Visitor: 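My questions all concern the structure below.
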Amino acid sequence: MSMVDVLNGNQAAAKGAALSRPDVVAAYPITPQTPLVEYLTQFVANGELEAFMSEVESEHSAMSVVTGASLAGSRTFTATSSQGLALMYEPYFRASTLRLPVVMAIVNREMISPQTVWGGPQDSMTLRDAGWIQIYVEDNQEILDMIIQAYKIGEDSRVLLPVNICYDGFYLSHLTERVEIPDQNSVDKFLPDYTPTHIKLDPKIPMAVDPLTTGDLLMEYREKHMVAQQNALKVIQEVNEDFNKVFGRNHHGLLEKYRCDDADVILISLGSMTGAAREAVDYHREKGLAVGLLKIRSLRPFPQEEVSEVLAGRQAIGVVDRNVSFGWNTGILYQEIRSALYEKEKPVPILPFIGGLGGEDLRIEAFISCIDRLKEARGTQQKNYPRTCWLNKKGG
Amino acid sequence: MSEKEYIVPIGEGVYEINTGDWRTHRPVLDQDKCIKCGICLTYCPVFSIYKEGEEYRIDLSYCKGCGVCMHECPKDAIRMIEEGR
């Protein structure tokens with residue numbers, strides 16, 4: 001029987017990880033991920049989780065340990081934030097290019113400088129091109145459920161890739177919500193043991209890992225990796241449907257539409273900000289504006305077709321980024337959305353918004369003002385919006 | 001492993017580039033001291049050690065001379081000798 005509890009985001013992640021029965025867990029504490037490591041260590045000490053817990057000396061070691069363990073055929077879990085992820089960059093890339101279905105929670109935290117510990121997905125979004133699957137979630141229930149789904153997605157033979165479940169620091173990691181915890185038997189049935197067929201280190205059959213390789217062969221690996229990312233688009237949807245059938249919760253796979261059907265203008269969000277954005281959409285709907293909200297869940301693979309389908313025929317589009325893409329004068333998601341629309345959409349204004357950096361609160365009023373601007377932008381041209389609109393900057 | 005499963009750079013015979021000419025020191029295995037445990041073969045990063053009958057041998061074509069085998073050998077049966085001597 002499933003049970004209902006009150007959990008913060010880190011507890012939800014720890015529960016989701018424990019229910020997935022990893023063989024090896026390796027993690028190094030960093031704010032705001034620290035309690036997650038403590039919960040997992042506690043589970044192992046209490047005997048609730050039968051895993052080898054490796055208390056490593058750095059994030060670089062954490063990723064290296066799970067890489068080795070995964071090469072040997074283990075199911076593995078790790079987690080980090082911000083500067084920890086930055087330190088992990090070298091083995092982070094290797095885990096994906098070795099096609100290891102490691103699952104890592106990223107408790108999103110702003111990058112320095114200046115010194116900051118608060119939430120924001122700049123850390124993982126900057127690493128979007130390192131070959132991992134990256135899924136961004138909105139609430140604590142989604143964290144728990146998606147960590148279980150992440151193993152099923154990553155270990156699928158059509159995919160074989162590591163998966164990040166990304167959630168905003170503090171807003172989710174340290175705040176409590178009602179969370180339904182599925183029972184172990186149902187999770188076991190949903191998520192069978194990991195049996196690697198493509199790679200398995202065994203001392204009885206010694207093998208070379210990562211020999212020096214020429215570019216022509218390397219490109220072969222890259223092409224297969226890119227195909228696997230595209231396959232993941234389908235697998236993420238399938239796993240979401242299977243999960244919904246078993247556990248009765250639909251997290252909508254690649255993206256979630258809210259009041260989009262008849263919408264003239266659409267606002268786009270990612271992560272925990274989505275709750276406030278929904279409220280702003282309801283506010284404007286009551287005032288008679290046909291506005292919808294699109295929550296992007298899967299940043300990698302990017303659901304280009306699905307996004308362009310949802311956005312086709314609208315009059316104005318806005319993207320709210322809690323991150324920046326230096327050199328583009330916009331956020332990262334904005335660039336993704338614009339690229340996705342190039343093939344199909346007749347040009348309509350797509351407005352870039354940036355706000356909530358360094359954990360600043362993105363309040364309902366901020367989203368209401370975004371939608372106000374979308375309302376004005378209907379029937380105008382992109383060239384009227386050359387600059388990003390900053391939402392809650394000091395003095396702005 | 002079958003052709004179909006070959007999606008990662010790992011394997012029993014993945015030799016693409018002759019890394020043997022990077023070497024400044026070469027490993028030399030003393031068969032009298034060797035207890036045939038196979039640890040050197042397991043640890044060799046480029047899989048340059050092979051078994052022939054009962055004996056372990058070192059294929060210098062791909063050996064970069066890193067010295068891991070010497071370090072791991074529990075019987076000090078492997079020495080690194082400077083090339084050209």
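Owing to the predicted nature of the structure, the values given are computational and were not obtained by experimental measurement. We name chains A, B, ... by the order of the sequence lines, and we start the count at 1 in each one.
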Visitor: Can you establish whether the number of heavy atoms outside Glu90(A) located under 6.0 Å from its atom CD is more than 12?
Guide: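 Yes.
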Visitor: To the closest 0.5 Å, what do you measure between CD1 (Ile7(B)) and OG1 (Thr97(A))?
Guide: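 With rounding to 0.5 Å, CD1 (Ile7(B)) is 11.5 Å from OG1 (Thr97(A)).
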Visitor: Within a reach of under 6.0 Å around CG of Asp129(A), are more than 12 heavy atoms found that belong to other residues, nucleotides or ligands?
Guide: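 Yes, CG of Asp129(A) has more than 12 neighbouring heavy atoms, counting only those of other groups under 6.0 Å.
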Visitor: If you count every heavy atom of other residues, nucleotides or ligands that lies below 6.0 Å from Glu223(A) atom CD, does the total exceed 12?
Guide: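 It does not: Glu223(A) CD has 12 such atoms or fewer within range.
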Visitor: Counting only non-hydrogen atoms closer than 4.5 Å, does Leu71(A) touch chain B with its backbone (N, CA, C, O), its side chain (CB onward), both, or neither?
Guide: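 Looking at Leu71(A), just its side chain touches chain B.
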Visitor: Can you give me the closest heavy-atom contact between Phe47(B) and Ala208(A), atom names plus distance?
Guide: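 It is CB-CB, 3.7 Å.
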Visitor: Under a 4.5 Å heavy-atom cut-off, does chain B meet the side chain of Leu100(A), its backbone, both or neither?
Guide: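 Looking at Leu100(A), nothing touches chain B.
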Visitor: How about Lys189(A): does its NZ atom have over 12 heavy atoms from other parts shown lying under 6.0 Å from it?
Guide: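 Incorrect, the count does not exceed 12.
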Visitor: Out of Asp210(A), Ile199(A), Leu160(A), which one pairs with Val8(B) under the side chain to side chain contact (heavy atoms under 4.5 Å, CB included) rule?
Guide: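 The passing option is Ile199(A).
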Visitor: Does CD belonging to Glu50(A) count more than 12 external heavy atoms closer than 6.0 Å?
Guide: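 Atom CD in Glu50(A) is not packed in, count stays at 12 or less.
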Visitor: By a 4.5 Å heavy-atom criterion (distance strictly below it), what part of Ser157(A) contacts chain B: side chain, backbone, both, or neither?
Guide: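 Neither; nothing under 4.5 Å.
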Visitor: First locate atom OG1 of Thr42(B), then atom CG of Asp202(A), and finally report the distance between them rounded to the nearest 0.5 Å.
Guide: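 If we round to the nearest 0.5 Å, Thr42(B):OG1 and Asp202(A):CG are 10.0 Å apart.
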Visitor: For atom CZ of Phe52(A), decide whether the heavy atoms of other residues, nucleotides or ligands shown that lie under 6.0 angstrom number more than 12.
Guide: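 For Phe52(A), atom CZ is not crowded (no more than 12 foreign heavy atoms under 6.0 Å).
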